[in-house]
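Shown next, in structure tokens, is the structure this report addresses.
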There are 2 protein chains.
Amino acid sequence: MSAAESAVETIQREMTIFARRARASAGRMHPELSLVSYTLLGHLEERDGCRATDLAGHYALDKSTVSRQVAALERAGLIERRLDPEDHRVQVLHLTEAGREILAQVTRSRRSAFRERLANWPEEDLVRFAAYLERYNAGPGGTGAV
Amino acid sequence: MSAAESAVETIQREMTIFARRARASAGRMHPELSLVSYTLLGHLEERDGCRATDLAGHYALDKSTVSRQVAALERAGLIERRLDPEDHRVQVLHLTEAGREILAQVTRSRRSAFRERLANWPEEDLVRFAAYLERYNAGPGGTGAV
DNA sequence: CACATCAAGTTGTACTATACAACTAGAACG
DNA sequence: CGTTCTAGTTGTATAGTACAACTTGATGTG
């Protein structure tokens, strides 16, 4: 096996380990915010509000799934729905102040966990690793290479 | 923000994207084998058989979860249980011939998906990326930096 | 304009993966 | 022995998900 082939094997194995761990710890990571909720809130912050359908499309989730997630986030007071005056079928979702705070808090705690994990890496390696990950994720998706 | 800090941000973001995708596609990846089942079969192959408790410990799953997964895999004819003659509480799990085949098949299809995704990477980058991932995963776990 | 079609969301239902707790059966050790 | 430990199963509950059926509003065409 060539060096390239064996590197591909390693990447596959390590990505799989990572995915499994992420899955296992997703629910326990932050009691107040699952990985999905966190991602959705992050999207709302980044876009400054969007529709449920956009979330579903962007994250490849069924609209019913998003509908329930959104309902839960609203019940928790983290987001609010504003009827689009242009189109009354549409609800534009926005973070509330509480939602913004929780999101920032979870982001901080996640960031510090990552920092800790990467604490001893030389800057050069961090930069290269970051670039590789971006490149990997930007590649053609949906092939199951997860 | 320093280059190192911004690299850590990127790593966090990209790892999260990856984890979310993995999660979303886990169930659809291979109709015949979920990510968890695949991982468990892989472990059995690697160790040439082990106990359910070992699987639970190694993958941080509850023993009841493993028990049901194992039951499903046995029903599907992919593994078999052999009573440990030394200790009648213990069932040693082994791949069956069918299990070995399915595992090999899924491994092949996953590998080809990874290969495709990484097809245009220069060997040097593959080797470095693989090393970074190994290093990342080998770090202290369980902090939520997933 | 009226009806057909499309789009956004909700709700009913079902399934999978998971955890925790209570239990059974066997082992180990005093 | 009997107590305590260990391996595994089963009951129960929850989260996240999908698919299908439905409601409501928008759009476009004869």
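So that the names make sense, note that chain A is the first sequence line, chain B the second, and so on, each numbered from 1.
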Whole Å only: how far is the [atom1] atom of [X] from the [atom2] atom of [N]?
{"X": "B/R75", "N": "D/dT9", "atom1": "CZ", "atom2": "P", "value": "11 Å"}
{"X": "B/Y38", "N": "C/dA17", "atom1": "OH", "atom2": "P", "value": "17 Å"}
{"X": "B/L61", "N": "C/dC20", "atom1": "CG", "atom2": "C1'", "value": "14 Å"}
{"X": "A/Q69", "N": "D/dT17", "atom1": "CD", "atom2": "C1'", "value": "9 Å"}
{"X": "A/D62", "N": "C/dA7", "atom1": "CG", "atom2": "C1'", "value": "14 Å"}
{"X": "B/K63", "N": "D/dG11", "atom1": "NZ", "atom2": "C1'", "value": "14 Å"}
{"X": "A/L35", "N": "C/dA17", "atom1": "CG", "atom2": "C1'", "value": "15 Å"}
{"X": "A/L55", "N": "D/dT17", "atom1": "CG", "atom2": "P", "value": "12 Å"}

Checking all strands, does [X] fall into the base, sugar-phosphate, or nothing category for heavy-atom contacts under 4.0 angstrom?
{"X": "A/T53", "result": "sugar-phosphate"}
{"X": "A/D87", "result": "sugar-phosphate"}
{"X": "B/R68", "result": "base"}

Check this one for me: any side-chain N or O of [X] less than 4.0 Å away from OP1 or OP2 of [N]?
{"X": "B/T65", "N": "C/dT18", "value": "no"}
{"X": "B/S34", "N": "C/dA17", "value": "yes"}
{"X": "B/R51", "N": "D/dA7", "value": "yes"}

[X] has a side chain; which of [options] sits nearest to it?
{"X": "B/S64", "options": "D/dA20, C/dT18, D/dT10", "value": "D/dT10"}
{"X": "A/V90", "options": "C/dA17, D/dT9, C/dA8", "value": "C/dA8"}
{"X": "B/R81", "options": "D/dG8, C/dA25, C/dT10", "value": "D/dG8"}

I'd like to know if [X] pairs up with [Y] as an ion pair, taking the criterion as any Lys NZ or Arg NE/NH1/NH2 lying under 4.0 Å from an Asp or Glu carboxylate oxygen.
{"X": "B/R128", "Y": "B/E124", "result": "yes"}
{"X": "A/R51", "Y": "A/D84", "result": "no"}
{"X": "B/D125", "Y": "A/R135", "result": "yes"}

Shortest non-hydrogen contact from B/L61 toward B/V36: CD1-CG1, 4.4 Å

Closest-nucleotide ordering on DNA chain D, the 5'-leading residue of A/P85 and A/S37: A/S37

Polar pair under 3.5 Å, donor/acceptor by atom type, side chain A/R89, base D/dT24: no

B/C50 side, atom SG; B/L40 side, atom CG - distance, nearest 0.5 Å: 8.5 Å

